[in-house]
Amino acid sequence: MKRAMSNTPEPLPKAYDPSEVETRWYAHWEKNGYFTANPEPSLLPPEHPDYRRPYVIVIPPPNVTGSLHMGHAMYVIEDVLIRWHRMLGDNAMWLPGVDHAGIATQMIVERELKKNENKTRHDLGREQFLERVWKWKHESGGRITQQLRALGFSLDWTRERFTMEPALSKAVTEVFVRLWEEGLLYQSSRLINWCTSCHTALSDLEVDHEEEKGKLWEIAYPLEDGSGEVVVATTRPETLLGDTAVAVHPKDPRYASMHGKRVKLPLAPETRTDSEGRKIPRAIPVVTDAILVDMAFGSGVVKVTPGHDFNDFETGKRHALPLVNVVNLDGTLNENAGAALQGKKVDAARKEVLRLLHEQGLLRGEKDHTLARGRCQRCSAVVEPLLSTQWYVRTKPLAGPAITAVEYGKTKIIPEGWTKTYMHWMTNIQDWCISRQLWWGHQIPAWYAPDGTVFVARDEAAAREQAEKKFGEGVVLRRDEDVLDTWFSSALWPFSTLGWPERTKDMDAFYPGAVLETGFDILFFWVARMMMMGLHFTGEVPFRHVFLHAMVRDEKGQKMSKTRGNVIDPLDVVNGAPVERLPKEQQKQHPEGWRPQGADSLRITLASMAAQGRDVKLSIDRVEGYKAFINKVWNAARFALMRVTPGPVKSIDEVRADMSPADRWILSRLQQVAAEVNVALAEYRLDEATGGIYHFLWDEFCDWYIEMSKPALMEEGQSPAKRACEATLVHVLDTSLRLLHPFCPFVTEEIWQKLPLARRESPTVMKAAYPRGETAWHDEQAESSVGAVMELCSAVRRLRADVALPPAKKVPVRVAGSAGARTDALRFEDALKRLGAIESIEQHDALSPEKTKQCAVMVTTRFQVALPLEGLLDVAAEKTRLQKEIDKALKEKGSIEGRVNHEGFRARAPKDVIEKDEARVKEIAERVERLKETLSRLG
RNA sequence: GGGCGCAUAACUCAGCGGUAGAGUACCACCUUCACACGGUGGGAGUCGUAGGUUCAAAUCCUGCUGCGCCCACCA
């Protein structure tokens, strides 16, 4: 047997093992500074030869609290874009960082404190508690960045930022002060969303509304003059003590006689005081209000509780009603509720109120009712509307430019459908409550004089200066204790991370960013606010594109959450996981646990599922499929490395004249795929990009090119054709690995480093040029030749399978068809024989009757193929098979003909469509003729 | 109450006006010298439903049904 001259020992193991490769390469890349961007080339004028176009992505900062979840694994989209642009030669910079995540982090540290020391943050005091948070941050904050490394993300770690670091805190202060000076910041006392568990105000966005089953109770309020009663309907009887009126519709005839009268408030204590401390009588007025009251709902009478309901708050203002607060900040009732209820939690108080009302015969009814109850996004506790003084950003003036920018396409949102949502929210934007009654966060830079006068300044000294101008020396200042909403600092992230407010080189070179890529769930929280702040403080949009990816869900489409127990840690997919670490559902399906899949497999899986619009339903089976693909690529390379003559190959240009049609075909296909991949990436169609590379490598390169090139590669000696084939093989691998690199950085680097390239332009595939597709290699003739080979080969294989020939049994075949097609196909006679287990190939211009005697026959577009079976042929089965072929072809012909013969079609369809259909009909007709001929000969 | 999205092969999804596709799963055969994480061949869908527009509809329009999401203060 001819042993190929491959004298290299096996250069690669038989199966790809990601774990060792991945850690090795990441460390190497990072150590060599391949992730680090230099601003200088982007500061040059664009016409300068050394100028490099900046391409910047600022990472959506994960929370310091967090460990990695699947949502973070979607950063792979950003890494693909960054690696692609880096290879295109752009000055690519991907900035990492983490967010202090006010409420979330504080909650975690408080929970730990409670668990370990049974203390609250108040036991420690603010200063000591914050020390604990920092300590916690230092201990566990690095974990997530390590996890990001494990996924291969090419982040510029030299630029890592944290929202609470001094430079970024300075930016926060600067923005706060400027907004204040511009009149875009104010304090106001109004109803706010109060989380009774986190003990802080929340913005509207941080309140989730969930439909819940509840009751609607009807309560009688006796008229003060004893002339009867009114019955109100309410879902919140416990706030009854906060009522300062009942309202009816002005046109409701049922209550016309009651206008201007007063009702006695049941259960009310002798003394209730309003928010100003004034005493409120037990009798409250009946007011008429067409806005609040819907005559058709309930009894048509509404109790008005300005202190605990947003609608009633507005109603109270319209009627100058006093405001009585009955709920404390901790969710218990206060003295206004009377001795019987004071100190009780809201839910307990509700039961008690109902009991008391029932006792007094005032409870008139109870109905089932669904209502939307606000709950804290972080802790799910019930949110109470409470009166409180908070800081607000005046958002309308900021929203204007953010709307215009998207309208004029300065920033484009992808998928486009989200633009409408963005516009709608921006247009109806409410002022933003930014103060939080927490400790962990940026403390508000505002100081109060003893009389309450507020001074906003960059630091205490500046505040003091202002204060002393007004109050003279020695005035005592007290700093506002509140901190800012986490999203306030996040809104500045695209420029605070680059050094703003200083004028830095990074700011000049790298702002604005190219694309902001994130989940659509934070479109309002974050994207919208970055748009507002970015435009306001830098005069430019913070990014040109917003690419919103779908949510990662489990394979059943459910949101991943701790309570559902279906959270998947990406590293469990990468490294494998024992069964006990898996979500419950997965435990049943994978009793042995998960096998390691490698970061590349997970990356390409997510990239190919990140198609726009839909949710990403991740299943481990899918990842397995891509792992097989990576292994396939690995083995294709392994084959090449074992078979190619040692030493660098020639460049494909040098050997072009000696190439076979197969070489020219695969190069033609390669350049086309490269071009398509670039288009797909530019359109954020990562699924199309991966699909193109996948099918090229597997279906064309591995299944056909490698097989067709084997005879040439096995040849003894050094023929020009063999050299051309080797050059092509290595070139295609080189180019495909580059194409694949942004998706699968590890395996591509590992293989690429071992390729005997004609020329190695870069020490790492990371920085090798990304293939764009060179049309010079387009070769239609070669594509058609190879098409003939494939067609003939498939025909033989199908024939063999149809007559159930043992795969190893070699047979002679007879082929008829045009001379050209036969020449094209037979040029690869060796490969053909091997792939079809063919003993010999006999050529004919046409198959005469005796040449198909005792043969199984297949008719294709270009060929007629006969397989002599001497006595083995099952005539009946063969007849059935041929008849089936004919029926199938006729069915197709019929459907096309039906269309073609329709007069309207001829009159109106485009010419090329008509021609194509007619050609197809003719082709099928010819095929059917030959099939029928063959069939009739069988008798 | 508004707005958006989705219903295509057993599963997960692509296609979005001109002959129904992929991956996985499935069936049969094959340990052939890159790869059994493999090869070859195969079966599998009246493209949710009812209408409309068009020469032509999975693709455009309308109604309906079923899911999902977002926004909104109905007691």
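Hydrogens, waters and symmetry mates play no part in the numbers below; they use all other heavy atoms, side chains included.
- In summary, R881(A) and E878(A) engage in a salt bridge, as defined by a charged side-chain N under 4.0 Å from a carboxylate O.
- Taking 4.0 Å as the cut-off between side-chain N and carboxylate O, R350(A) and E238(A) count as a salt-bridged pair.
- Among the heavy atoms of the strands lying under 4.0 Å from R908(A) is at least one base atom, whether or not backbone atoms are also near.
- Base pairing analysis places G23(B) opposite C11(B); the two distances defining the Watson-Crick or G-U wobble pair are each below 3.5 Å.
- Of all nucleotides listed (C74(B), A34(B), G41(B)), C74(B) comes nearest to the side chain of D294(A).
- For the pair Y16(A) OH and A34(B) C1', the interatomic distance rounds to 17 Å; values are reported in whole Å.
- V293(A) comes within 4.0 angstrom of a nucleotide base, judged by non-hydrogen atoms across all strands.
- Salt-bridge formation is detected for the pair E923(A)/R920(A): a Lys NZ or Arg NE/NH1/NH2 atom is positioned less than 4.0 Å from an Asp or Glu carboxylate oxygen.
- Residue order along RNA chain B, read from the 5' end via each residue's closest nucleotide, puts I706(A) first among K303(A) and I706(A).
- Rounded to whole Å, the P atom of C16(B) lies 24 Å from the corresponding atom of U54(B).
- Here C4(B) is the nucleotide among C37(B), C4(B), A14(B) with the atom lying nearest to any side-chain atom of K420(A).
- Nucleic acid contact for N428(A): none, since no nucleic acid atom lies under 4.0 Å from a heavy atom of the residue.
- In this structure, P910(A) reaches the bases: a heavy-atom distance under 4.0 Å links it to at least one base atom across the strands shown.
- As a whole-Å value, the separation of L697(A) CG from A34(B) C1' is 14 Å.
- T421(A) comes within 4.0 angstrom of nothing in the nucleic acid, heavy atoms only.
- To the nearest whole angstrom, the two C1' atoms, one in G68(B) and one in A50(B), are 23 Å apart.
- Nucleic acid contact class of K893(A) (heavy atoms, under 4.0 Å, all strands): none.
- Among the nucleotides G18(B), U40(B), A34(B), the one closest to any side-chain atom of R797(A) is U40(B).
- Considering only side-chain atoms of I896(A), the nucleotide from C71(B), U19(B), G23(B) that sits closest is U19(B).
- In this structure C4(B) sits in a base pair with G68(B), meeting the Watson-Crick or G-U test at under 3.5 Å.
- Nucleotides C6(B) and C47(B) are separated by 14 Å at their C1' atoms, to the nearest Å.
- Distance check on atom P: U53(B) versus G15(B) gives 28 Å, rounded to whole Å.
- Each of Y422(A), W425(A), W418(A), W432(A) was checked for a ring-ring contact (aromatic ring centres under 6.0 Å, His included) with F524(A), and the lone residue meeting it is W425(A).
- Between the P atoms of A14(B) and A72(B), the separation comes to 29 Å (whole Å).
- Comparing the C1' positions of G23(B) and U31(B) gives a spacing of 25 Å, expressed to the nearest Å.
- Ion pairing between a basic and an acidic side chain is recognised when a charged N comes within 4.0 Å of a carboxylate O; R643(A) and E726(A) show no such pairing.
- In this structure, F701(A) and Y705(A) have parallel ring planes: the angle between them is below the 30° cut-off, well short of the 60° mark.
- The side chain of K809(A) places no N or O atom within less than 4.0 Å of a non-bridging phosphate oxygen (OP1 or OP2) of C30(B).
- Judged by distance alone, with hydrogens and angles left aside, Q430(A) brings no side-chain donor or acceptor close enough to the base of A72(B) to form a pair under 3.5 Å.
- Put simply, the side chain of V679(A) reaches to within 4.5 Å of the side chain of E683(A), judged on heavy atoms.
- Contacts of L292(A) with the nucleic acid, taken as non-hydrogen atoms under 4.0 Å apart, include base atoms.
- Comparing G23(B), U19(B), A34(B) against the side chain of C702(A) picks out A34(B) as the nearest.
- For M426(A) and G3(B), the CE to C1' distance is 18 Å, given to the nearest whole Å.
- Rounded to whole angstrom, the span from the NZ atom of K627(A) across to the P atom of G38(B) amounts to 10 Å.
- When Watson-Crick and G-U wobble pairs are counted only if both distances are under 3.5 Å, A28(B) pairs with U40(B).
- If you measure from atom CZ of R800(A) to atom P of C30(B), you get 13 Å, rounded to the nearest angstrom.
- Taking 4.0 angstrom as the limit, R236(A) places none of its side-chain polar atoms (N or O) nearer than this to OP1 or OP2 of C74(B).
- Picking from A34(B), U40(B), G38(B) the nucleotide with the shortest atom distance to the side chain of W698(A) gives G38(B).
- Across all strands shown, E707(A) has heavy atoms under 4.0 Å from base atoms, whether or not it also approaches the sugar-phosphate.
- Summarising the geometry, the separation between CG on L733(A) and C1' on C35(B) is reported as 14 Å, rounded to the nearest angstrom.
- The residues D687(A) and R685(A) are annotated as salt-bridged, a charged nitrogen and a carboxylate oxygen being separated by less than 4.0 angstrom.
- Backbone-only engagement by H369(A) is indicated by non-hydrogen atom pairs under 4.0 Å involving sugar-phosphate atoms exclusively.
- For K888(A) and G43(B), the NZ to C1' distance is 11 Å, given to the nearest whole Å.
- Along RNA chain B, the nucleotide nearest A628(A) and the nucleotide nearest R798(A) are compared for position; the residue whose nucleotide lies closer to the 5' end is A628(A).
- Counting any heavy atom pair closer than 4.0 Å across all strands shown, Y626(A) reaches no nucleic acid atom.
- Taking only side-chain nitrogens and oxygens, R643(A) comes nearer than 4.0 Å to OP1 or OP2 of A34(B).
- Within the 4.0 Å cut-off from OP1 or OP2 of A34(B), not a single side-chain nitrogen or oxygen of K632(A) is found.
- Checking C35(B), C71(B), G23(B) against the side-chain heavy atoms of N635(A) singles out C35(B) as nearest.
- A 4.5 Å side-chain heavy-atom check between Y255(A) and V286(A) finds every atom pair outside the cut-off.
- Distances from the side chain of K14(A) to the nucleotides G18(B), U19(B), C35(B) place C35(B) closest.
- With distances taken from any side-chain atom of E892(A) to the nucleotides U12(B), A34(B), U19(B), the minimum falls on U19(B).
- As a whole-Å value, the separation of D912(A) CG from G18(B) P is 12 Å.
- Which of G39(B), C55(B), A34(B) sits closest to the side chain of A909(A) comes down to C55(B).
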